[in-house]
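Since we're looking at a predicted model, the values are computed, not measured. In the text below, chain A, chain B and the rest are named by the order of the sequence lines, each starting its count at 1.
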There are 2 protein chains.
Amino acid sequence: MSRISQLQLEQVKKCSATFVLAVNDTMNVINGKWKLPIVGSLLFGKKRFKELERDIPKITPRMLSKELKDLEMNGIVTRTVYDSIPVTVEYELTKSGESFKRVLDVMVEWGLQHRKSAMGNMK
Amino acid sequence: MSRISQLQLEQVKKCSATFVLAVNDTMNVINGKWKLPIVGSLLFGKKRFKELERDIPKITPRMLSKELKDLEMNGIVTRTVYDSIPVTVEYELTKSGESFKRVLDVMVEWGLQHRKSAMGNMK
DNA sequence: TATAGCACTATACTTTAGTATAGTAGTTAC
DNA sequence: GTAACTACTATACTAAAGTATAGTGCTATA
């Protein structure tokens, strides 16, 4: 009936399950309206809360705070509190966070190509 | 005051605006709960509506129909109606849609690496 | 004393996304 | 005639995501 054995099928299943997990992890960095702008801004260097707020138009402090917590939990961003007066807090990408640039790069690349070929199909 | 000229600043802005558009285009393929599963399934070859429904656990026909329309509009998927009896409809990835595999690949790659380094940080 | 800056939090609300359930219109098989 | 298959659509609902607005506790400056 089938060309592949039961064992092979199990292996394929395990493999694709791992892939799904990996893709989901990636999605956690980019889902929602504000995560990509935040990561994008932090790719230019560490920033304070207010700096990010000014960098990202229309974001509310509630959303910024929420998404930063999320990114911190997912190991994308670190939060450092300095006991200066008043306190300053710095947000910085982790190594994983920085390496996300590679993903962004292919997203840009694909997006540009897709735009080009979509234009081609309209003519 | 600043190290770069006004002209240079304008160029940077234009460039980053293009990048934002490109990334947004990419996001349109992957946002929501069901687009990635659909594209993922179609990467294994063209499928009929019911086949996709069976392939993707828990998806409702409403969502499948909606997301397929969305993907069609965005030039990721083509819809072909055959006037057999009863009608059969086939969904297939466009060239752009197929090339999206590259993006998925780096997403998997990054996700796997991120998982590894996150584990490392826990120990 | 008033105003402003920093780094948020709280509450209430609206909007968007997704679900549940049923139904349409055709054909084929029992 | 009734059940099942295909490819959906319609309506009503819930859940999740995001917004608006105000407020906290601190300090520094005018």
Checklist outcome for this item: Whole-Å distance, A/N31 CG to C/dG18 P, equals 11 Å
Item to check | Rounded distance in Å - CE (A/M63) to C1' (C/dT14) | outcome: 12 Å
Checklist entry - Does any donor-acceptor pair link the side chain of B/R62 with the base of D/dT9 at a separation under 3.5 Å? => result no
Next on the checklist: If you only use heavy atoms from C-beta on, which nucleotide in D/dC8, C/dG26, D/dT19 is closest to the side chain of A/T60?
Outcome noted: D/dT19
Next on the checklist: Expressed as a whole number of angstroms, how long is the span from B/I30:CD1 to C/dA17:P?
Outcome noted: 15 Å
Checklist entry - Using 30° and 60° as the class limits, which term best fits the ring planes of A/F49 and A/Y91: parallel, tilted or perpendicular? => result tilted
Checklist entry - D/dA7 C1' sits how many Å from B/E90 CD, rounded? => result 13 Å
Item to check | Between D/dC8 (C1') and B/K47 (NZ): distance, integer Å | outcome: 19 Å
Checklist entry - Should B/R54 be listed as having a side-chain N or O under 4.0 Å from OP1 or OP2 of D/dT6? => result yes
Checklist entry - When the distance from CG of A/D83 to P of C/dC6 is rounded to whole Å, what number comes out? => result 19 Å
Checklist entry - Would you say A/K69 reaches C/dT9's phosphate, i.e. side-chain N/O to OP1/OP2 under 4.0 Å? => result yes
Checklist entry - For B/T88 and A/P61, take the nucleotide of DNA chain D holding the closest heavy atom to each; which residue's nucleotide lies nearer the 5' end? => result B/T88
Checklist entry - Looking at D/dC8, D/dT6, C/dG18, which one has an atom nearest to any side-chain atom of B/V89? => result D/dC8
Next on the checklist: Hydrophobic cluster membership, with links at side-chain heavy-atom distances under 4.5 Å among I/L/V/M/F/W/Y: are B/W110 and B/M27 in one?
Outcome noted: yes
Item to check | Rounded interatomic separation in angstrom, taking NZ from A/K66 and P from C/dT9 | outcome: 13 Å
Checklist entry - Any Lys/Arg nitrogen of A/K50 or A/E53 sitting under 4.0 Å from an Asp/Glu carboxylate oxygen of the other? => result yes
Item to check | Non-neighbouring partners of B/R62 that pass salt bridge (charged side-chain N to carboxylate O under 4.0 Å, His left out), sequence neighbours left out | outcome: none
Checklist entry - Should A/K33 be listed as having a side-chain N or O under 4.0 Å from OP1 or OP2 of D/dT19? => result yes
Checklist entry - Can you tell me how far P of C/dC8 sits from OH of A/Y82, to the nearest Å? => result 13 Å
Next on the checklist: Counting only side-chain nitrogens and oxygens, does B/S65 get under 4.0 Å of the OP1 or OP2 atom of D/dC8?
Outcome noted: no
Next on the checklist: Run B/K35 and B/L71 through side-chain contact (heavy atoms from CB on, under 4.5 Å) and show every step you take.
Outcome noted: CA-CA 8 Å; B/K35 292 218 185 73; B/L71 289 167; 3.7 Å; yes
Next on the checklist: Under 4.0 Å, heavy atoms only, any strand: does B/Y91 hit a base, just the sugar-phosphate, or nothing?
Outcome noted: sugar-phosphate
